[in-house]
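Computed from a predicted structure; not experimentally measured. When reading the values below, keep in mind they use all heavy atoms of this one structure, side chains included, and skip hydrogens, waters and symmetry mates.
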Amino acid sequence: MNLDTAQRLLECETRADLAEWLGEDPRRLAFYAYVLPEHRRYSHFTIEKRAGGSRHIHAPIAPIKEHLRLISAALSHFYNPRNVVMGFVKERNIVDNANKHSRQEWILRVDLKDFFPTIHFGRVVGVLQAAPFQLRSEVAQTIAQLACHQGVLAQGAPTSPIFSNLVCRGLDHELLNLARRGRCRFTRYADDLNFSTSRKRFPDLLAARQLGSEGHTCEVSAALLQVISKHGFTLNDSKTRLVHRSQRQTVTGLVCNETATVSRRYYRGLRAVLHVWRKYGEDSAAEWFLANHYKRNKPSGSDFSFKKVVIGRVQFIGYVCGWSAPKYQKLANLLSQLDPTFRKKTAKTPPPEKPSGLVIWGEGETDYLHFFMAWNSLHQDYPNLTIEFPHPAKRTKGAPMLEKMLAVLEKTPPLEATVCVFDTDEPKITSRFEPVEGSAYLKLGTNLFVVLLPTPSFRSGRDPLCVELLYEDPASLRDERGRRLYLKDEFQAEEPYHKKEPGVMRLKPRSNSLVVEDVHNGTTQQNVALSKMGFANLVQSKSTSFEGFRALFDVLNGIVETELTLSNGS
């Protein structure tokens, strides 16, 4: 997002202005923010904690998540984080954070309790109405309503990282001043506060040492507690540690006595996993690994991919310790023998190029929502494919508008690879953009392609398709009022009546749309059909399979591998 687009957000005066900036209907934006029940706006899952218990994650549904991503990107243009802020900041990470405190005599680790839940709705509105944003009250409250779940920041919303950093600006300033008075270094990574010093005695201004059975425990100073409580936070006393250099010092999970590295336990555990894999096979290693080393940071009910997790951990060691470090080289060489597809990195190997991406255009508003949800579900199966969606304000609304845009792109080829995806319910469009025999897409020029919705395995190749028919049984999903999606072939050809449901009829029998949105019950005189948008919202709140979209992503992946890879290589 460029600065001009971000600036327009700050110029919004009403909720309608915000909706226009987001490319959303004002009534629908108000519905998402104030009408849709919270349990339908956010999905919930848990992650096991290392020390026991669970971390609760609340993730917004797809349209809200997309809006929040745009808002987060815009706000980032006007937020200049202090050097002490290491979390949720571009080009700063846990390695940088740990190295800030390497080779120090003492390190004090302090954890803020219930970090995101402590930041409530009012605090979010406050930072939006303050400098540098100075948003109007109605706009600020609408954004905060979307970004909060049950009145507090949702741990899983795209805006939570930047809002937490914004709320903590005053806290960061005062803690930095306190650290300077004690001649200490200070950094904050989300809710982790770290103070370190090279002095022989740790300053009582921050904490007082107490020798206990587990090493040096401490009592945090009144001055430090006062600053933290002043800004609305409390300490998690169970995680407070004051560690001398004679012990293992860790910051954000990395050992930093000399320089940032992984712990011996982490390295030896991974080495043992590879040993079991080599000696007893992959299945046995996966079972042993799951029982002994994979007990945290795993969403409940998530699929387990042993090979991906092991590769990720080996590469993590290389990233932290260096690609030429003996620790990484030893594990990477062993993994290469076990998995021939694994690619070891070296210090001289340039970073891999960003995978070729495609900008995807659909016919209508709901098409983008379905593509977005399906891509979120299946993207891990396409490592060489990235998909970008147009800004909501620029998206097409209907097949005629997509055709007009395509005509413009044919005259002025786009700079980025662009794919226009059409339904197959219009014979004129189908005949015009039918790909040549043996191809799954039509190339119209440089960086411009057309794809007709490919037929999923559970449909007949002769049936016309719209995006809703990429779900195997779309009519089985019903909302709380019992409404469902009705399809054209459910009704009699010459009459408006439903073939199986007495008294149910369509009001516009001459419409060619495959989805019928005006279906009334003759007895109750009520519309019993879900609209296309209503169906899309229902899909977001249900555990729905997106396997029918796999054929489309296969075609898009083929475009990247066949067209873009060859052009880049030439």
- Message: Any non-hydrogen side-chain atom of Q129 less than 4.5 Å from a side-chain atom of V125?
- Response: yes

- Quick one: ring-ring contact (aromatic ring centres under 6.0 Å, His included) pairs with a partner in residues 166-198, sequence neighbours left out? F186-F195

- Task: Would you mind reporting whether W106 and K200 have side-chain heavy atoms less than 4.5 Å apart?
- Result: no

- Item | Geometric class of the H149/Y42 ring pair [parallel <30°, tilted 30-60°, perpendicular >60°] | tilted

- Query: Among side-chain atoms of T250 and R109, is any donor-acceptor pair under 3.5 angstrom?
  - Reply: yes

- Message: Any side-chain to backbone donor/acceptor pair from N165 onto G87? Under 3.5 Å, distance only.
- Response: yes

- Query: Aromatic rings F116 and F88: how do their planes relate, parallel, tilted or perpendicular, breaks at 30° and 60°?
  - Reply: tilted

- Query: Rounded to the nearest 0.5 Å, what separation is found between the CG atom of L193 and the CG atom of L171?
  - Reply: 6.5 Å

- Task: Among residues two or more places apart or on two chains, list those pairs meeting side chain to side chain donor-acceptor pair (under 3.5 Å) that have a residue in residues 65-78.
- Result: E24-H67, E66-R395

- Taking atom types as modelled, is there a side-chain donor on H244 or E105 under 3.5 Å from an acceptor on the other? yes

- Message: Looking at L415, I want to see if its CG is surrounded by more than 12 non-hydrogen atoms of other residues, nucleotides or ligands under 6.0 Å.
- Response: no

- Query: CD1/I64 to CZ/R40 distance, rounded to the nearest 0.5 angstrom?
  - Reply: 10.5 Å

- Query: S221 and D204: side-chain donor and acceptor closer than 3.5 Å?
  - Reply: no

- Query: Quick one: do R550 and D381 make a salt bridge, cutoff under 4.0 Å?
  - Reply: yes

- Message: Check the orientation of H44 and H58. Use parallel for under 30°, tilted for 30 to 60°, and perpendicular for over 60°.
- Response: tilted

- Below 4.0 angstrom, N of the basic side chain to O of the carboxylate: do D172 and R188 qualify? yes

- Please check if any side-chain donor atom of K344 sits under 3.5 Å from a side-chain acceptor atom of Q329, or the reverse. yes

- Note on the structure: One should read off an interatomic distance between L166 CG and L128 CG, to the nearest 0.5 angstrom, of 8.0 Å

- Query: Roughly how far, to the nearest 0.5 Å, is the CD atom of E174 from the CZ atom of R169?
  - Reply: 13.5 Å

- Message: Do R123 and F233 form a cation-pi contact, if we require the NZ or CZ to be under 6.0 Å from the six-membered ring centre and within 45 degrees of the ring's axis?
- Response: yes

- Message: Suppose we screen for ring pair (Phe, Tyr, Trp, His ring centres under 6.0 Å). Which residues come up paired with H275, at least two apart in sequence or across chains?
- Response: none

- Using the six-membered ring wherever Trp is involved, compare the ring planes of Y382 and W375 and label them parallel, tilted or perpendicular (cut-offs 30° and 60°). tilted

- Item | Nearest atoms (heavy-atom pairs only) where Q380 meets K308 | O-NZ, 4.0 Å

- To the nearest 0.5 Å, what is the distance between CG (N97) and CD1 (I94)? 8.5 Å

- Task: Indicate whether the side chain of N333 and that of Q337 have a donor and an acceptor atom separated by less than 3.5 Å.
- Result: no

- Query: Nearest 0.5 Å, what's the CD1-CG distance between I71 and L9?
  - Reply: 6.5 Å

- Is the F372-F389 ring centre distance short of 6.0 angstrom? yes

- How far apart are the C-alpha atoms of T240 and D111, what are their side-chain angles, what is the distance that settles it, and do they pass the side chain to side chain donor-acceptor pair (under 3.5 Å) test? CA-CA 7 Å; T240 301; D111 183 81; over 6 Å; no

- Query: So, S160 side chain and Q155 main chain: donor-acceptor pair closer than 3.5 Å or not?
  - Reply: no

- Item | side chain to side chain contact (heavy atoms under 4.5 Å, CB included), paired with R185, selected from R180, K100, H101 | H101

- Query: For M373, which of F549, F546, Y368 qualifies under side chain to side chain contact (heavy atoms under 4.5 Å, CB included)?
  - Reply: F546

